[in-house]
Amino acid sequence: MKSLNAIAAALCIGLLALATPAQADGADGKDEWIKGKLFGPELILQNRKELKLTARQMDLIGAELKRVQGQAAESDWTLMTEATQLQELIDQHPVDGKAVMAGVDRVFEAENRKKKLFMEMLVNIKNALTPEQVAYLKTVDQAP
């Protein structure tokens with residue numbers, strides 16, 4: 001029984017870890033496929049002088065961050081709730097496999113909603129930049 005509880009706890013911790021927002025600039029290596037293609041707000045703001053961001057661009061980036069932060073908080077709450085419910089299902093004996101798999105689906109759906117939210121933000125931010133700004137960010141983002 002302790003083994004089952006340990007597995008359940010590890011699964012829930014793992015699911016919550018996966019649900020944290022990915023580093024938009026690929027600093028942890030997970031998102032290398034977007035490196036040089038989409039740029040996190042941190043990278044853009046660090047280079048704002050070189051990019052010569054307009055007031056409109058700064059406003060748009062700020063609005064995107066605020067929008068995402070609000071929706072991410074809601075997604076985090078949903079994810080924590082679903083993960084807790086999943087752990088409760090796994091703690092039962094015998095374990096209802098169908099209910100657990102349905103719970104896993106709900107956790108993954110919540111996680112995917114949050115990841116889509118961040119991806120949408122990155123796309124919206126890139127669309128607010130000029131081709132010259134994007135070219136500059138590609139050179140900065142490719143630096144080791």
Side-chain angles (χ1 to χ4, degrees), residues 3-92 95-144:
S3 174
L4 184 61
N5 285 338
I7 292 170
L11 175 64
C12 287
I13 290 169
L15 292 174
L16 287 174
L18 287 173
T20 58
Q23 292 286 328
D25 61 0
D28 60 3
K30 291 190 301 188
D31 297 321
E32 288 297 315
W33 63 277
I34 64 170
K35 192 170 181 87
K37 295 175 178 50
L38 295 174
F39 313 100
E42 306 86 17
L43 181 67
I44 293 170
L45 293 177
Q46 288 169 357
N47 293 280
R48 70 180 170 271
K49 288 180 185 173
E50 295 84 354
L51 293 169
K52 298 177 182 158
L53 294 173
T54 66
R56 182 178 171 276
Q57 288 173 316
M58 288 293 292
D59 289 346
L60 186 136
I61 292 169
E64 279 297 303
L65 287 170
K66 288 175 189 172
R67 179 184 68 83
V68 167
Q69 286 173 345
Q71 291 181 19
E74 185 178 326
S75 292
D76 284 340
W77 179 256
T78 300
L79 185 60
M80 287 186 292
T81 302
E82 294 296 346
T84 300
Q85 290 172 353
L86 176 60
Q87 186 171 7
E88 289 170 2
L89 290 170
I90 294 171
D91 283 344
Q92 296 175 359
V95 176
D96 180 346
K98 284 185 178 184
V100 166
M101 295 315 295
V104 168
D105 284 343
R106 288 190 300 274
V107 167
F108 287 163
E109 285 170 13
E111 175 187 316
N112 284 336
R113 276 192 303 274
K114 186 172 180 180
K115 288 180 179 182
K116 283 181 176 180
L117 177 66
F118 281 95
M119 185 60 80
E120 180 183 26
M121 175 189 71
L122 295 177
V123 168
N124 289 342
I125 289 173
K126 182 177 180 180
N127 285 339
L129 301 173
T130 66
E132 294 79 17
Q133 290 169 326
V134 170
Y136 177 80
L137 286 170
K138 284 181 181 182
T139 64
V140 174
D141 202 28
Q142 296 298 325

Subject >> Gap separating the CG atom of Asn47 from the NZ atom of Lys49, nearest 0.5 angstrom >> reply: 11.0 Å
**OP:** Take Thr78 and Arg113 through the test side chain to side chain contact (heavy atoms under 4.5 Å, CB included) and record every step on the way to the result.
**Re:** CA-CA 10 Å; Thr78 300; Arg113 276 192 303 274; 3.5 Å; yes
Original post:
Which residue pairs satisfy the salt bridge (charged side-chain N to carboxylate O under 4.0 Å, His left out) criterion with at least one member in residues 78-89, sequence neighbours excluded?
Top reply: Glu82-Arg106
**OP:** Sequence neighbours left out, what passes salt bridge (Lys or Arg N to Asp or Glu O under 4.0 Å) with Glu120? Give chain and number order.
**Re:** Arg67
**OP:** Return the set of residues passing side-chain contact (heavy atoms from CB on, under 4.5 Å) with Asp105 (not counting sequence neighbours), or none when no residue passes.
**Re:** Glu109
Subject >> Validation row: Glu111, Phe108 side chains within 4.5 angstrom (heavy atoms) >> reply: yes
**OP:** For Leu60, enumerate each residue passing the side-chain contact (heavy atoms from CB on, under 4.5 Å) test, keeping only those at least two apart in sequence or located in another chain.
**Re:** Glu64, Ala128
Original post:
Who passes side-chain contact (heavy atoms from CB on, under 4.5 Å) against Lys52, sequence neighbours left out?
Top reply: none
Original post:
Atom CG in Leu137, atom CG in Leu51: separation rounded to 0.5 Å?
Top reply: 4.5 Å
Original post:
Atom CD1 in Ile125, atom CG in Leu38: separation rounded to 0.5 Å?
Top reply: 9.5 Å
**OP:** Identify the two heavy atoms, one from Thr54 and one from Gln57, that lie closest to each other, and give their separation to 0.1 Å.
**Re:** N-OE1, 2.9 Å
Subject >> Pairwise distance CG(Leu86) to OG1(Thr81) - rounded to 0.5 angstrom >> reply: 12.5 Å
Subject >> Heavy-atom closest contact (Leu89 atom, Val95 atom, distance) >> reply: O-CG1, 4.1 Å
Original post:
CD of Glu50: more than 12 outside heavy atoms within 6.0 angstrom?
Top reply: yes
Subject >> Steps toward side chain to side chain contact (heavy atoms under 4.5 Å, CB included) verdict (Gln92, Val100) >> reply: CA-CA 10 Å; Gln92 296 175 359; Val100 166; over 6 Å; no
Subject >> Heavy-atom closest pair, residues Leu122 and Pro41 >> reply: CD2-CD, 4.3 Å
Subject >> Results of side-chain contact (heavy atoms from CB on, under 4.5 Å) for Val134 - residues two or more places apart only >> reply: Phe39, Lys126, Leu129, Lys138
Subject >> Point-to-point distance, once rounded to the nearest 0.5 Å, from CE of Met101 to CG of Asp96 >> reply: 11.5 Å
Subject >> NZ on Lys114 to CG on Asn112, rounded to 0.5 Å >> reply: 12.5 Å
